[in-house]
Number of protein chains: 2
Amino acid sequence: MRYSNATNYALHTMVHLMLQPERSSVGVQELAQMQDLSPTYLSKILTKLTKAGLIESTPGAKGGYKISRTKHNISFLDVIYAVEGETNFFECSIHHEGCLIENVMTQAEENMKSELKSKLLIDIAKKAESK
Amino acid sequence: MRYSNATNYALHTMVHLMLQPERSSVGVQELAQMQDLSPTYLSKILTKLTKAGLIESTPGAKGGYKISRTKHNISFLDVIYAVEGETNFFECSIHHEGCLIENVMTQAEENMKSELKSKLLIDIAKKAESK
DNA sequence: ATATTATAGATATTAAGAGTCTTTAATATC
DNA sequence: GATATTAAAGACTCTTAATATCTATAATAT
Ligand code: SF4
Ligand code: SF4
């Protein structure tokens, strides 16, 4: 079980956007070059982030992407959910009432996700900047 | 990101084997039928569990599988590792020194895995039995 | 009007998971 | 020893999801 590369790209992009001066947009060209990616592929990922309301996009000349003005305190989990969807790690098609196996798996997953929810991009970005 | 079906099958099989009387083997035929699976496919999963030392197999008539006599206190994590390998959820090919993104992802993963390590099959099996 | 940039859709490629079939080796029973 | 039973291993197919590219369209600044 592995997170997709798309999640990796999304996290890097978000941290980078966090470090931009207020109100300035960055184009997909630059974001892709930074990570050695094809712009069209990264574009698909950025569209997901946009639809999730984590970033804003402006088309046209001098356009690009910037962190959403309305959505503050973006967590790692927000980014992952935007890219991968909110599916559970463990899913059983049967769902017996009070299933003990599911209970364990779900609890473990919660432990992971609560950690990812508590970590904010802005904190990571600031730490990275101060290095 | 989802755990494979194989992990699901393995967990069910292990719980079932936990509930068998001491020293009695169960054949793949029965284990597969129980879960509505093809025996040959389940067989591949069981071989992984055997190689990981979680169960023991005996070929031939009256053979089959039983919980390992040497490996006690088998955890959920043991089963998952046996089936899926011990790969990390998040892997970056670059590995910058002291990477902050990796730090967060790894910590979250640890939180999940420590939970899975603390949950033992025997406890789940006994609870399920007493229902 | 023109250049720039995001969005969307179609399509191709790759990798992994899921599953089957067949052969071989080991064991118990008679 | 012969036969039936069962696990292990290898080759193979099928399906799905991730990865990626290409093209056309829509929106925006200059
Ligand atoms: S016991 Fe739980 S995991 Fe297993 S089939 Fe029932 S609901 Fe699904
Ligand atoms: S910052 Fe971390 S995750 Fe990103 S490329 Fe460097 S090591 Fe990899």
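By convention in this document, chain letters (A, B, ...) are assigned in the order of the sequence lines, proteins followed by strands, and residues within each chain are numbered from 1. Just so it is clear, the model here is predicted, and its values are computed rather than measured.
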Per B:S4 side chain, nearest of listed nucleotides D:dA29, C:dA18, C:dT27:
C:dA18
Distance check: side-chain N/O of B:Y9 vs OP1/OP2 of C:dG17, anything under 4.0 Å?
no
For the CD atom on A:Q35, are there more than 12 heavy atoms of other groups (residues, nucleotides or ligands in this structure) within a distance under 6.0 Å?
yes
No-H, no-angle donor-acceptor pair, B:K44 side chain to D:dG10 base, under 3.5 Å
yes
Listed nucleotide nearest any side-chain atom of A:T40, set D:dA8, D:dT23, C:dT29:
D:dT23
Does the side-chain contact (heavy atoms from CB on, under 4.5 Å) test come out yes or no for B:I80 and A:M1, once each step is laid out?
CA-CA 10 Å; B:I80 292 169; A:M1 188 168 76; over 6 Å; no
Of the options C:dT7, D:dA29, C:dA6, whose atoms approach the side-chain atoms of A:V28 most closely?
C:dA6
Give the nucleotide from the list C:dG17, C:dA26, C:dT7 with an atom nearest to the side chain of A:S43.
C:dT7
Under 4.0 Å between a side-chain N/O of A:K51 and OP1 or OP2 of C:dA8, yes or no?
yes
Rounding to an integer number of Å, can you tell me how far A:I45 CD1 sits from D:dA18 P?
12 Å
Counting heavy atoms from C-beta on, name the nucleotide in C:dA8, D:dA7, C:dT29 closest to the side chain of B:Y65.
D:dA7
Just the rounded figure in Å: distance from P of D:dA18 to CZ of B:R2.
11 Å
Rounded to whole Å, how long is the line connecting atom CD of B:E56 with atom P of D:dA7?
14 Å
Report the distance from atom OH of B:Y41 to atom C1' of D:dA9, rounded to the nearest whole Å.
16 Å
In whole angstroms, how far is the P atom of C:dT7 from the CG atom of A:L31?
12 Å
Residue met sooner reading DNA chain C from 5', once A:T50 and A:A61 are mapped to nucleotides
A:A61
Could you tell me whether the phosphate oxygens of D:dA8, OP1 or OP2, come under 4.0 Å of any side-chain nitrogen or oxygen in B:S57?
yes
Can you check the A:Q35 CD to D:dT19 P distance for me, whole Å?
13 Å
Tell me if a side-chain donor or acceptor on A:T106 pairs with a main-chain N or O of A:N103 at a distance below 3.5 Å.
no
Whether over 12 other heavy atoms sit under 6.0 Å from A:E91 CD
yes
Start at the 5' end of DNA chain D and walk down; is the nucleotide closest to A:P39 or to A:T58 reached first?
A:P39
Given the ring of A:Y81, does A:K117 sit roughly above its face, with NZ or CZ under 6.0 Å from the centre of the six-membered ring and within 45° of the axis?
no
Using atom CD of B:E30 as one end and atom C1' of D:dT5 as the other, report the distance to the nearest whole Å.
15 Å
Pairing partner of C:dT29, by Watson-Crick or G-U wobble and under 3.5 Å for both distances, is D:dA2
Length of the line joining A:D36:CG and D:dA20:P, which is rounded to integer Å
10 Å
Under 4.0 Å: is that the gap between some side-chain N or O of A:S38 and OP1 or OP2 of D:dT21?
yes
